[in-house]
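Below: one structure, written as structure tokens.
Throughout, protein chains are lettered first and strands after them, A, B, ... in sequence-line order, and every chain is numbered starting at 1. It should be emphasised that the depicted structure is a prediction, and the values quoted were computed from it without experimental measurement.
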Number of protein chains: 2
Amino acid sequence: MAKTSKATIADVARLAGVSTATAGRVLGRYGYTREETREQVMRAASKLGYRTNALARSLITGKTRTIGVVAGDIQNPFYASILRGIADVVERRDFGLLIVNSDENLDKEIRAVNLLLEKQVDGLIVSPCDTRNARHLRDLHAAGLPLVLLDRSVAGLEVDRVGIDNIAAAERAVVALLSTGHRRIGLVGEMLEEQEGGFDGFIARGLAGEVLSTDTLYPSWQRLLGYLRAHRQAGVAVDTSLIRRVGAYSAGAAQAVARTLIERPDRPSAVFATDGTMSEGVIGAVSAAGLTLPGELSLVCFDDLDWMSFLSPGISTMAQPRLAMGDAAATLLLERIEGSEAPVRAVVMRADLIERGSIAAWHAR
Amino acid sequence: MAKTSKATIADVARLAGVSTATAGRVLGRYGYTREETREQVMRAASKLGYRTNALARSLITGKTRTIGVVAGDIQNPFYASILRGIADVVERRDFGLLIVNSDENLDKEIRAVNLLLEKQVDGLIVSPCDTRNARHLRDLHAAGLPLVLLDRSVAGLEVDRVGIDNIAAAERAVVALLSTGHRRIGLVGEMLEEQEGGFDGFIARGLAGEVLSTDTLYPSWQRLLGYLRAHRQAGVAVDTSLIRRVGAYSAGAAQAVARTLIERPDRPSAVFATDGTMSEGVIGAVSAAGLTLPGELSLVCFDDLDWMSFLSPGISTMAQPRLAMGDAAATLLLERIEGSEAPVRAVVMRADLIERGSIAAWHAR
DNA sequence: CTGAAAGCGCTTACAG
DNA sequence: CTGAAAGCGCTTACAG
């Protein structure tokens, strides 16, 4: 009724004529209280405008009912949707959600995790920016804090994680192109991180089917692998000059790279973009170059973004179940927070190809 | 070095051979300590893997260094960008950011605010879903909690706020159409909330220039007003049957409504969509109807979304400075949290028309 | 079913 | 510059 803050359990107890222990029991909904006492306390509480101080409670219980999420960039539709999926679960359970951006930068990620730990979150969902340098995450896990990895794994860190089968998804996307006759398929991928043996070495090994530890590869590298595998299975040789590494999480950079690919005289007949940001860049380049889809170029994108359905033609794309990914990550985390000792789980979801109109059959000319 | 959690100031103090008060002073960076003592404590702290428990600190200081944001839907690009702007400021200042969705629903908004208050946030940024029923916000403000309103105002609630000049923005957008010869301009707007006198009454008053208290109108209603004003100023009669109220925050609903507008025989020569979601719906309808922009229809959208630049032609739109809006909201809030007693501020930003290629001159046929 | 007491992990006066 | 003591607002045994 009155002042929104200030009133404490002690104030309520005094007004109700009971002990703080009793007032606490009714206000905190624990232990037993006589109905009559309960009403008395409730009346006093509402008269004083009492509101629980979750801080004090958390200090004692050791639980904050708050989880932390470290995302690359909440403005990116990929993360925005996943966050929404997480938020839905979290809100339903009356938990709080603390969000920090990492910008895919290790230092920022470490600072983010520290901030969240100081605020005593009950658990963390992290989309790790580095699959190797992850002391901060290992320590976390060693200390017993519930942790769920999102989209990416960390070498040697056995914790719950949620992602899609990137290799299979990319393979299916590229198969859709190969099966309609395309033989020269360009790829525009982030592939920011360095790989042992370098870019060329990786491709060579991928072509030979020699890449073994694929689990801790970054998504865009895994998708490249799917691209290579599709070719290998189809017995189609790969022109490696059609594989373009952008090396940055930026649509602008992707557009510049895509441009050099689609404006060359012997341009590919089709392009595969390995994520939403790359897709934006590629579509920008296509638009700038004035190429018609799918007549002059076929295109398969990744992630189902708003615009893909209302461009004309619609853009065929591998749709990741982003909301469901967020839901799964939050659900796994909350289960751990509630004490689940189940073996480590990897929720590997499936991305589905949504066929719209950006793939045309291709006949050698 | 060791266990990530557990070690307390008392543990560190014991190991360092000092009092908890002294250990607290060095670990919490307050008060004076001899350099030698400091080092001793630091060594003990790192040996134990000490980490501040912000909860305990907050309980005493009364400050959590955390702000709360209640947004309509973090998945919507409008909110996603604003949140990013907020997050940037907040992260720079080592504050935490607690985010909750309201889905533009009053009950959810109230619950969200309560959750955030229990967690003792130092301040709140809210995009209120109801400009009248806002007891929860008024109480908050009465209790002295720093509060910044985003995008919308609340009648009679004098607090800092950030938004754009919606009437002027819409007016300029429509003027761009009128000045190129368009005389029949459709409008597709949310206008979910009811207005005194109803939809028709509102339009009548708007046409007569009789709408007075425009400040607490919802953005889409303000934008409708801008549309009407542009016509009035230009001396162009309005065919009110071209004004379409979607009544929902949904691109699908907008598309259905837009469709009935652009498929009628005497369809308008141009359409103005009053926000990002409506814009998506309209572009979907245009695409489904197979109309060519701008040859068969001119279009001005609202909010600069990714796809608007790479559709062909590009979509002309009123761009809201979303990141800057978030930045401003967070900055205002942090100033209040730091104790600023400055008079209430309304940061009214300007939206700029980005002309791309969706407006064609129109000549009566 | 209720209360007195202790305590969560810090910070804050107050002495010295 | 450092320490002993109190206290932030709750919950948790422990008695009764």
Side-chain angles (χ1 to χ4, degrees), chain A residues 3-42 44-45 48-66 96 115 117-122 143, chain B residues 3-42 44-45 48-66 96 115 117-122 143:
Chain A
K3 341 226 39 174
T4 305
S5 88
K6 302 292 112 181
T8 71
I9 272 198
D11 300 325
V12 174
R14 203 171 306 123
L15 183 61
V18 299
S19 71
T20 62
T22 298
R25 277 190 274 263
V26 0
L27 265 12
R29 279 180 270 276
Y30 51 86
Y32 299 85
T33 28
R34 203 154 43 111
E35 178 54 22
E36 212 174 313
T37 317
R38 213 189 72 79
E39 281 169 12
Q40 231 168 154
V41 172
M42 291 308 276
L48 294 173
Y50 172 78
R51 175 167 273 141
T52 303
N53 181 331
L55 255 35
R57 172 181 293 166
S58 297
L59 193 56
I60 295 174
T61 62
K63 268 97 187 54
T64 51
R65 294 187 73 82
T66 300
L115 180 81
L117 289 179
E118 292 195 348
K119 297 205 182 296
Q120 310 297 120
V121 293
D122 291 341
Chain B
K3 341 225 37 172
T4 304
S5 87
K6 301 292 111 180
T8 72
I9 273 196
D11 300 325
V12 174
R14 204 172 306 122
L15 182 60
V18 300
S19 71
T20 63
T22 297
R25 276 189 274 262
V26 1
L27 265 11
R29 278 179 270 274
Y30 50 85
Y32 300 85
T33 28
R34 205 156 40 112
E35 178 54 21
E36 214 176 312
T37 317
R38 215 189 71 80
E39 281 168 11
Q40 230 167 158
V41 172
M42 291 307 277
L48 295 173
Y50 172 79
R51 177 167 272 142
T52 303
N53 182 330
L55 255 36
R57 171 181 295 167
S58 296
L59 193 54
I60 296 174
T61 61
K63 268 97 188 55
T64 52
R65 295 187 72 81
T66 299
L115 181 80
L117 289 179
E118 292 193 351
K119 296 205 182 296
Q120 311 296 121
V121 293
D122 291 340

B:T61 or B:L55, whichever maps to the more 5' nucleotide of DNA chain C: B:L55

Testing the basics here: between B:L117 and A:R51, what is the closest heavy-atom pair and its distance to 0.1 Å? CD1-NH1, 3.0 Å

Stepwise, does the side-chain contact (heavy atoms from CB on, under 4.5 Å) test hold for B:V41 with B:V12? CA-CA 7 Å; B:V41 172; B:V12 174; 3.9 Å; yes

Are the side chain of A:K6 and the backbone of A:L48 linked by a donor-acceptor contact shorter than 3.5 Å? no

Can you list, in residue-number order, the parts of residues 28-37 of chain A that come under 4.0 Å of DNA chain C, counting heavy atoms only? A:Y32, A:T33, A:R34, A:T37

B:Y30, OH atom: more than 12 neighbouring heavy atoms under 6.0 Å: yes

For DNA chain D, the residues among residues 8-21 of chain A that have a non-hydrogen atom under 4.0 Å from it: A:T8, A:I9, A:A21

So which heavy atom on B:T64 is nearest to which on B:V121, and how close? OG1-CA, 3.7 Å

Anything below 3.5 Å on both distances counts as a pair; with that, list the stems of at least three consecutive Watson-Crick or G-U pairs involving DNA chain D. C:1-3 with D:14-16, C:5-12 with D:5-12, C:14-16 with D:1-3

Select from B:R25 and A:R57 the residue whose nearest nucleotide in DNA chain D is closer to the 5' end of that strand. B:R25

Looking only at heavy atoms, the pair that brings A:S58 and B:L55 closest together is CB-CD2, 3.5 Å

Looking only at heavy atoms, what is the nearest atom pair of B:L27 and B:Y50, with distance? CG-CE2, 3.5 Å

Would you indicate whether A:E36, at its atom CD, is surrounded by more than 12 heavy atoms from other residues, nucleotides or ligands within a distance under 6.0 Å? no

Which residues pass the side chain to side chain donor-acceptor pair (under 3.5 Å) test with A:N53, not counting sequence neighbours? none

Closest non-hydrogen atom pair between B:L59 and A:L59, with its separation: CD2-CD2, 3.6 Å

Show every salt bridge (Lys or Arg N to Asp or Glu O under 4.0 Å) that has at least one partner inside residues 8-28 of chain B, sequence neighbours left out. B:D11-B:R14

Which is the 5'-most and which the 3'-most nucleotide of DNA chain C that has an atom under 4.0 Å from a heavy atom of chain B? C:dG9 to C:dA13

For the residue pair B:K119 and A:T66, confirm or rule out a side-chain donor-acceptor distance under 3.5 Å. yes

Does any N or O in the side chain of B:T33 come within less than 3.5 Å of the main-chain N or O of B:R38, such that one atom is a donor and the other an acceptor? no

